[in-house]
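What follows is one structure encoded as structure tokens, with my remarks underneath.
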Amino acid sequence: METELVIASSPTDAGISCWDLHTGVEHLRYKTCSSPPHGLASIAGRFLASSQLREPKSSSSGSILYWSWNKPQVEVKSFPAEPIKPLVSNSEGTYIVGGGISGDIYLWEAATGNLLNKWHAHYRGVSCLVFNDDQSLLISGSEDGCVRVWSLFMIFGGVNTEEARHLYEYSFHEHTLKVTDIKIGYGGCNAIIVSASEDRTCKVWSLSRGKLLRNIVFPSIIDAIALDPGEHVFYAGGRDGKIYIAALNAPGASNSSYGLHIIGSLSEHSKAITCLASSADGSLLVSGSEDGMIRVWDTKSRNITRIFRHAKGPVSNVLVVRQPELLNLGTSINTQASSLRGHGLLLPPPLQKYANSADENAYIKAFISPQTASNKFLDDSYISVQTMENLIKELQKQGSSAAAELDVERLKVEQQRSVQTIQQWKTIYENLHQFCVSELLDGNHVESTNG
């Protein structure tokens, strides 16, 4: 069984806790963290990042902090143009995306910290962000009750802030109050989206058709949701301390006393449920609460298998991530870390406050090489092409033979990225082809029925 970690944080300065999901062994506690809901992220398993909001009434407060896996202290501090609440990265760690309290969304290149784009996405603060599984779409939720779907292809097309209202693929306005959480299923552009809101509803959307598929009313406000990997049910954490189980595909009738489509509940927390996460295989559900407790549930038996206690205060975020090999390297990591720190390769630089000119950003290309089982500590994926070319020029001036070797490495990274891009386009094409075939078959079926 692959080792998975439970990562938890709090809105108070209680740091970040880290445990082995299956054995309960505690790893490092990372210091100095006050993260808002959806403000904690594992950047492709390479390091931890969290937005910070210490003074909600002050527009000048707020930062983004980085921790490496083997050091409890903050290593990199960034100070964006405004406080950031939700923070997310794509699966490869190429980009880091943050949602501002003004309604703006910021997109940074992780490797260099460059701010690649910023656009006004919502009329009020951004409350949650999530990528779809093929990384081509970004879904945002807001305090204005709106859920929007953004095409990264459009965003990288150089559209400026004034034209941002045309960037989104869909804009769902059916929620009447703040959107509290968003989860997306598998299937690329054919996936479903589940959104939760303070209006006590969760809504299920079709990403391919841009339509509402199901509206479920709950007895309590829902602040957190988690999807079953099979997408038969989803879990909804309420402010009444209950975790409701709702059907995604079941017929309208329900024997539950809670309401239509709600088929059961889990109830052990004494205060509101604030966050939910699932293990990779979906057999375990992890819940965090304002009571400071983190409970692990067996989804089949619906029993609690383990309980963790956060340092102090309520829990605002829980993540379940694969354990990085860095946590198993022991004391030998110190020597490697010391060596790498001298070259600035341990963690990427701080995120920029303002964007470069369009010409400068056009030259910046970060290549993320595919993850391998070895997961080397010295990760070439954080070296941008611009950085490589600067190193090559410097070595050539010194008459070093290493220049040729580095040039070869650069070409290898470019080749890997090209192969990866081709594979992503192939997947998008296959999803689009499948959707078109399904639409044609559905249309023929309707015509034959009417005929």
Side-chain angles (χ1 to χ4, degrees), residues 5-19 21 24 26-42 48-57 61-65 67 72 74 83-88 99 101 125 127-129 141 143 177-183 196-198 200 218-226 235-244 265-278 285-297 304 306-321:
L5 300 179
V6 176
I7 314 291
S9 65
S10 172
T12 62
D13 193 358
I16 301 173
S17 302
C18 178
W19 302 273
L21 174 61
E26 183 173 9
H27 293 281
L28 278 179
R29 282 186 182 261
Y30 304 92
K31 299 177 181 179
T32 317
C33 180
S34 304
S35 61
H38 311 297
L40 179 66
S42 170
L48 292 173
S50 177
S51 56
Q52 307 287 299
L53 284 176
R54 299 184 185 281
E55 300 173 15
K57 294 182 181 180
S61 65
S63 59
I64 295 174
L65 309 180
W67 296 261
V74 173
I84 299 296
K85 285 189 176 181
L87 194 71
V88 68
I101 61 174
S127 55
C128 39
L129 293 166
E143 293 175 1
L177 294 172
K178 172 185 174 181
V179 177
T180 55
D181 200 3
I182 294 174
K183 291 294 186 293
S197 169
E198 288 184 348
R200 294 196 303 116
F218 289 85
S220 172
I221 291 175
I222 301 300
D223 282 319
I225 48 181
Y235 302 91
R239 292 189 184 175
D240 58 1
K242 291 184 173 64
I243 302 172
Y244 296 96
S265 71
L266 307 173
S267 180
E268 284 292 336
H269 286 286
S270 61
K271 293 185 178 180
I273 307 296
T274 56
C275 41
L276 294 171
S278 295
L285 176 71
V286 182
S287 58
S289 169
E290 286 185 356
D291 61 16
M293 307 301 289
I294 297 157
R295 288 176 165 83
V296 182
W297 308 79
I304 295 175
R306 198 171 298 280
I307 298 177
F308 302 113
R309 186 175 187 86
H310 194 49
K312 61 180 179 179
V315 178
S316 58
N317 294 283
V318 289
L319 305 176
V320 176
V321 300

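Index from 1, following the sequence.
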[X] side-chain N/O to [Y] backbone N/O, donor-acceptor pair under 3.5 Å:
X: S289; Y: K271; result: yes
X: S220; Y: D240; result: yes
X: S265; Y: K242; result: no
X: S51; Y: I64; result: no
X: D291; Y: H269; result: no

*With sequence neighbours excluded, what pairs up with T180 under the side-chain contact (heavy atoms from CB on, under 4.5 Å) test?*
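In terms of side-chain contact (heavy atoms from CB on, under 4.5 Å), with neighbours along the sequence ignored, T180 is linked to A196, E198, D223.
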
Any side-chain heavy atom of [X] within less than 4.5 Å of one from [Y]?
X: L285; Y: L266; value: yes
X: T12; Y: P314; value: yes
X: S10; Y: S34; value: no
X: C18; Y: E26; value: no
X: H27; Y: L5; value: yes
X: V296; Y: I304; value: no
X: V286; Y: I294; value: yes

*Would you call K85-E143 a salt bridge at under 4.0 Å N-O?*
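Salt bridge flag = yes for E143 with K85.
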
_With K178, the side-chain contact (heavy atoms from CB on, under 4.5 Å) member among S127, S197, C128_ =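 Result: among S127, S197, C128, S127 is the only option passing the side-chain contact (heavy atoms from CB on, under 4.5 Å) with K178.
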
*Please name the residue in the list L319, I225, V315 that meets the side-chain contact (heavy atoms from CB on, under 4.5 Å) test with C275.*
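Looking at L319, I225, V315, the match for C275 under the side-chain contact (heavy atoms from CB on, under 4.5 Å) is V315.
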
*Have R29 and S17 got a donor and an acceptor in their side chains that come within less than 3.5 Å?*
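Judged by distance alone, the side chains do pair up.
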
_If the condition is side-chain hydrogen bond (donor to acceptor under 3.5 Å, both in side chains), which residues does N317 pass it with, not counting sequence neighbours?_
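Testing N317 for side-chain hydrogen bond (donor to acceptor under 3.5 Å, both in side chains), a comparison that skips the adjacent residues, returns S9, S35.
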
Let me confirm one number: the [atom1]-[atom2] distance from [X] to [Y], rounded to the nearest 0.5 Å.
X: L177; Y: I221; atom1: CG; atom2: CD1; value: 7.5 Å
X: W297; Y: I307; atom1: CH2; atom2: CD1; value: 8.5 Å
X: L65; Y: Y30; atom1: CG; atom2: OH; value: 14.5 Å
X: I243; Y: S287; atom1: CD1; atom2: OG; value: 4.0 Å
X: I273; Y: Y244; atom1: CD1; atom2: OH; value: 10.0 Å

*Show your reasoning for whether side-chain contact (heavy atoms from CB on, under 4.5 Å) applies to I222 and D181.*
CA-CA 8 Å; I222 301 300; D181 200 3; over 6 Å; no

*Where does the angle between the aromatic ring planes of W19 and F308 fall among parallel (under 30°), tilted (30 to 60°) and perpendicular (over 60°)?*
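Answer is parallel, since the angle falls under 30°.
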
*side-chain contact (heavy atoms from CB on, under 4.5 Å) between H38 and V88: does it pass, once the steps are laid out?*
CA-CA 8 Å; H38 311 297; V88 68; over 6 Å; no

*List the steps, then state whether side-chain contact (heavy atoms from CB on, under 4.5 Å) holds for I16 with L40.*
CA-CA 9 Å; I16 301 173; L40 179 66; 3.8 Å; yes

*Nearest non-hydrogen partners of W67 and Q52, listed with the distance*: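 Scanning both residues completely, I find the closest heavy atoms to be CH2-NE2, 4.2 Å.
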
*Looking only at heavy atoms, what is the nearest atom pair of A277 and V318, with distance?*
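Smallest heavy-atom distance, with atoms named: CB-O, 3.8 Å.
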
*Evaluate side-chain contact (heavy atoms from CB on, under 4.5 Å) for V321 paired with I7, printing each intermediate quantity in order.*
CA-CA 8 Å; V321 300; I7 314 291; 4.1 Å; yes

